[in-house]
Structures are given as structure tokens and as C-alpha cells.
Amino acid sequence: MREKEYSLSDISTLIKIPFEGDPNTKISGVGTLQQAGTHHITFLDNPRYRKYLANTKAGAVVLSEDNKAFAKTPVLISKNPYLDFARILQLFDQRPLPDVGIHPTAVVGKNCKIDSTARIGAHCIIGDSCVIGAESCLWPRVTLYDGTQIGDRVIIHSGAVLGSDGFGNAHDGTKWIKVPQLGRVIIKNNVEIGANTTIDRGALEDTILEEGVRVDNQVQIAHNVRIGAHTAIAGCVGIAGSTTIGKHCLIGGGTGITGHIDICDGVMLAGMTGVTKSITEPGVYSSVISAQKNLAWRKTVVRLRHLDKLFERVERLEKS
């Protein structure tokens with residue numbers, strides 16, 4: 001595969017941000033501040049990495065106006081260096097995609113509607129009556145159960161399973177009775193779903209991911225969940241059934257969200273947060289206790305066990 005090459009002025013024009021330095025500087029790859037070579041472009045966004053700026057061997061650096069004075073290389077000046085570097089990465093992304101069309105090893109059910117520009121990778125399984133929109137890409141070994149609907153420009157990574165039964169069971173006093181899951185999974189346009197993520201079909205209503213949602217690897221989304229547009233969910237999150245999550249939310253890795261609650265637009269959940277009730281105001285929420293040495297944690301647990309008694313004593317003192 002031939003390496004792509006751009007001049008500094010080419011990149012400036014394509015990304016629409018100004019530059020300072022030799023316009024003919026040749027850029028043929030990307031790297032970190034520490035590891036980039038003379039034909040690489042890198043970026044500085046987090047101030048803690050500014051210490052590497054003076055000695056970087058990169059051919060150019062994307063950075064903010066505030067950091068320009070610390071650079072000794074050509075620069076591209078950005079109001080959002082991380083975002084503009086992401087756009088530059090797209091210029092150099094030459095990873096092969098599955099071929100347009102349906103791989104001969106894929107299994108496709110009856111009455112499916114698959115756009116001619118979609119890419120269905122090896123060993124995918126597409127159930128009956130599925131819909132896959134224009135320019136969508138299913139990497140190898142993706143499974144879509146019957147009735148799953150995928151919009152345009154959706155990316156689904158290997159091992160993801162969409163449309164499997166939700167965890168619906170009723171107890172008759174002695175044993176569990178399965179509750180049939182009669183809804184679907186509907187994925188709107190421009191969504192990306194990570195490897196080995198599972199999204200359950202709805203019980204009566206549909207499970208829906210709206211426009212532009214991003215889901216990382218190994219996420220569990222249960223039946224009847226609805227996730228608002230442009231929300232991003234990091235790895236190993238578990239979302240229980242019938243939960244509604246708003247637009248433009250950020251959900252940190254390992255977060256657990258109980259069922260039958262609503263989370264409003266613009267909520268950020270820190271990693272490992274446990275959410276047990278609805279959130280009605282935007283903002284940042286956390287509930288994890290950071291790791292401690294074992295002896296300190298044991299002391300903390302002992303103190304927690306005495307909190308009720310301590311509260312009662314304080315309450316009695318306040319009354320008196």
C-alpha cells in the first residue's frame with residue numbers, strides 16, 4: 001500500500017486551520033509527541049504533555065494558540081487540537097475495509113433489504129427481514145437477529161450481536177416462564193458499535209440508538225433502552241432494560257445503569273459510576289470509591305457500618 005503524503009499547506013487547506021512554518025514540509029504519517037519522526041504530524045491538547053514539545057522530532061504539531069510559543073517545529077493552530085487531529089488521522093487512514101457487497105461466507109435470511117453500497121464482512125449472520133442502509137459496514141462475525149434495522153453509514157465491529165432476546169422472565173412461584181421479546185433493534189444513521197457489544201431487542205417496544213451514537217467494546221444494552229443522539233458510551237458499561245438516556249451524554253467505562261429510569265440530555269457519568277435513579281439535571285456525576293490499600297479499606301468498611309448509629313446520635317444531640 002502506497003504511503004500517503006501531504007504538504008503542510010495541503011493539510012491546512014483540507015482541515016481549514018492556519019499554519020506557521022515551511023508550507024512545503026512533507027507529512028506522510030502520524031505519531032505521538034515522543035515518538036513522531038520528521039515526516040510525521042502530531043498534536044498537543046493536554047497541558048501535561050507540553051514538556052515533550054520542545055524536543056519532539058515531528059515535522060509539524062497541531063496545537064492551540066496558547067501553546068504556539070513553546071513549539072520549535074512548524075505548527076497548525078487549532079481551537080480544538082484533538083478534534084482537528086482526528087480529521088487529519090482520517091486523511092492517513094488506509095486500513096482495508098470489507099469489500100462492498102456481501103462476503104460469500106455471510107449468511108443472509110429472507111426478505112432482507114441491504115443497500116448495494118453496504119459492506120457485509122466474512123461470516124456475518126443476517127436474520128430474516130433485516131434492513132441495512134447505505135455505506136454501512138459490518139465487520140466479520142457480526143450477528144443481526146430477525147427484524148434488526150441498521151441506518152446509513154453505521155459501523156458494527158466484529159462479534160457484536162444485535163437483536164438477541166432481552167432478559168424477560170416471569171416467575172410463577174416455582175419456576176421461570178420466558179416472556180417473548182417481540183420488539184426490534186433499530187440503529188439510526190452514523191452510529192458506531194464496538195466489538196462484542198450486545199444490544200437486546202425490545203420486549204414490546206423497540207430498542208433504539210439514535211443518530212450519531214458511539215458505543216465502545218463489550219457494552220450490554222438491554223431491552224427497550226433508548227439512547228439519544230450523539231451520546232458516547234465507553235467499554236464494559238451495562239444498561240438495564242427500559243432506560244432512556246438523553247442526547248449528548250458521556251458514559252464512562254464500567255458504569256452500571258439500573259432499569260426503568262430516565263437520564264436527561266447532557267449528563268456525564270464518570271467511570272465505574274453506579275446509577276440507580278433518574279437524573280433530571282445535566283452535569284457530571286460520580287459514585288465510585290477509588291482503590292485503597294486493603295488495611296485502609298477495611299477500616300473504611302468498619303466505619304461505614306457504624307454510620308447509622310452515628311447519625312442517630314447526632315440527630316439526638318441536635319434535638320437536645
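Everything numeric in this text was worked out from a predicted model, so none of it was measured.
- Going from atom CD1 of Ile177 over to atom CG of Asn169 covers 9.0 Å, rounded to the nearest 0.5 Å.
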Next item on the list: Determine, step by step, whether Ile150 and Thr148 satisfy the side-chain contact (heavy atoms from CB on, under 4.5 Å) criterion, reporting the C-alpha distance in whole Å, the side-chain angles of both residues, the deciding distance to 0.1 Å, and the verdict.
Entry: CA-CA 7 Å; Ile150 306 298; Thr148 299; 3.9 Å; yes
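- For CD of Glu205, the number of neighbouring non-hydrogen atoms (other residues, nucleotides, ligands) closer than 6.0 Å is 12 at most.
- A donor-acceptor contact closer than 3.5 angstrom links the side chains of Ser64 and Asn67.
- At least one donor-acceptor pair under 3.5 Å links the side chain of Ser320 to the backbone N or O of Arg316.
- Ser28 places no side-chain N or O within 3.5 Å of a backbone atom of Glu5 that could act as its donor or acceptor partner.
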Next item on the list: For salt bridge (Lys or Arg N to Asp or Glu O under 4.0 Å), just list the numbers for Asp165 and Lys178, CA-CA rounded to whole Å, side-chain angles, deciding distance to a tenth of an Å, and then say yes or no.
Entry: CA-CA 10 Å; Asp165 278 0; Lys178 182 176 177 61; 2.8 Å; yes
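- Checked by atom type and distance alone, the side chain of Ser78 never pairs as donor or acceptor with a backbone atom of Ile17 at under 3.5 Å.
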Next item on the list: Output, in order, the C-alpha distance, side-chain angles, deciding distance and verdict of side-chain contact (heavy atoms from CB on, under 4.5 Å) for Ile279 and Leu269.
Entry: CA-CA 11 Å; Ile279 297 176; Leu269 301 174; 3.9 Å; yes
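- Here CD1 of Ile263 is found 4.0 Å from CD1 of Ile257. Values are rounded to the nearest 0.5 Å.
- Note on ring orientation: taking the six-membered ring where Trp is involved, the planes of Trp176 and His171 are perpendicular (angle over 60°, cut-offs 30° and 60°).
- Salt bridge status for Arg201 with Asp206: absent, with no side-chain N to carboxylate O gap under 4.0 Å.
- Side-chain atoms of Thr258 never come within 3.5 Å of backbone atoms of Thr276 as a donor-acceptor pair (strictly under, hydrogens ignored).
- Grouped with Leu250 in one hydrophobic cluster are Met268, Val284, the linkage being side-chain heavy-atom contacts under 4.5 Å among Ile, Leu, Val, Met, Phe, Trp and Tyr residues.
- Within the 3.5 Å criterion, the main-chain N or O of Pro98 finds a donor-acceptor partner in the side chain of Arg119.
- Residue Leu204 places its CG atom among 12 or fewer non-hydrogen atoms of other residues, nucleotides or ligands, all under 6.0 Å distant.
- The aromatic rings of Trp139 and His157 sit parallel, their planes meeting at an angle under 30°, below the 60° perpendicular limit.
- A side-chain donor-acceptor contact under 3.5 Å links Ser158 to the backbone of Pro140.
- Residues Tyr6 and Leu14 meet the side-chain proximity criterion, which asks for heavy atoms closer than 4.5 Å.
- Taking CD from Glu192 and CG from Asp216, the interatomic distance works out to 9.0 Å, rounded to the nearest 0.5 Å.
- For the residue pair Thr174 / Asp172, a side-chain donor-acceptor distance below 3.5 Å is found, with atom types taken as modelled.
- Between Ile27 and Ile11 there is a side-chain heavy-atom pair separated by less than 4.5 Å.
- Each of Ile132 and Ile125 belongs to its own hydrophobic cluster when Ile, Leu, Val, Met, Phe, Trp and Tyr are linked at side-chain heavy-atom distances under 4.5 angstrom.
- For the atom pair CZ of Arg313 and CG of Leu310, the computed distance is 6.5 Å after rounding to the nearest 0.5 Å.
- With contacts defined as side-chain heavy-atom distances shorter than 4.5 Å, the pair Ile41/Ile88 qualifies.
- The hydrophobic cluster containing Val275 also contains Ile233, counting ILVMFWY residues as joined when their side-chain heavy atoms lie under 4.5 angstrom apart, directly or transitively.
- At a threshold of 4.5 Å between non-hydrogen side-chain atoms, the residues Cys264 and Pro282 count as touching.
- In this structure, the side chain of Glu210 does not engage the main chain of Gly228 through any donor-acceptor pair within 3.5 Å.
- With salt bridges taken as basic N to acidic carboxylate O contacts below 4.0 Å, one links Glu65 and Lys68.
- Heavy atoms from other residues, nucleotides or ligands lying under 6.0 Å from NZ of Lys110 number 12 at most.
- Counting heavy atoms from C-beta outward, Val30 and Phe85 have side chains that approach closer than 4.5 Å.
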Next item on the list: List the steps, then state whether side-chain contact (heavy atoms from CB on, under 4.5 Å) holds for Val62 with Val75.
Entry: CA-CA 6 Å; Val62 183; Val75 296; over 6 Å; no
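- Using modelled atom types and a 3.5 Å distance limit, the side chains of Gln181 and His223 yield a donor-acceptor pair.
- When atom types are taken as modelled, the side chain of Asp152 and the backbone of Asn189 share no donor-acceptor pair closer than 3.5 angstrom.
- The shortest side-chain heavy-atom distance between Leu144 and Leu138 falls under the 4.5 Å cut-off.
- Cation-pi geometry between Arg50 and Phe70 is met: the NZ or CZ atom falls under 6.0 Å from the ring centre, inside 45° of the normal.
- Note that NZ of Lys57 is 13.0 Å distant from OG1 of Thr42, once rounded to the nearest 0.5 Å.
- In Asp265, the CG atom is crowded: over 12 heavy atoms of neighbouring residues, nucleotides or ligands sit closer than 6.0 Å.
- The backbone N or O of Gln90 sits nowhere less than 3.5 Å from a side-chain atom of Asp93 that would complete a donor-acceptor pair.
- Asn46 places no side-chain N or O within 3.5 Å of a backbone atom of Tyr49 that could act as its donor or acceptor partner.
- Put simply, the side chain of Ile221 reaches to within 4.5 Å of the side chain of Thr207, judged on heavy atoms.
- The CZ atom of Phe167 sits 10.5 Å away from atom CD of Gln220, with the distance rounded to the nearest 0.5 Å.
- Within 6.0 Å of CZ on Phe92 lie more than 12 heavy atoms contributed by other residues, nucleotides or ligands.
- Other residues, nucleotides and ligands contribute more than 12 heavy atoms inside 6.0 Å of the CZ atom of Phe19.
- Looking at heavy atoms from C-beta onward, Asp200 lies in side-chain contact with Ser164 at the 4.5 angstrom threshold.
- Annotation: Lys26, atom NZ; neighbour count of heavy atoms from other residues, nucleotides and ligands within 6.0 Å is above 12.
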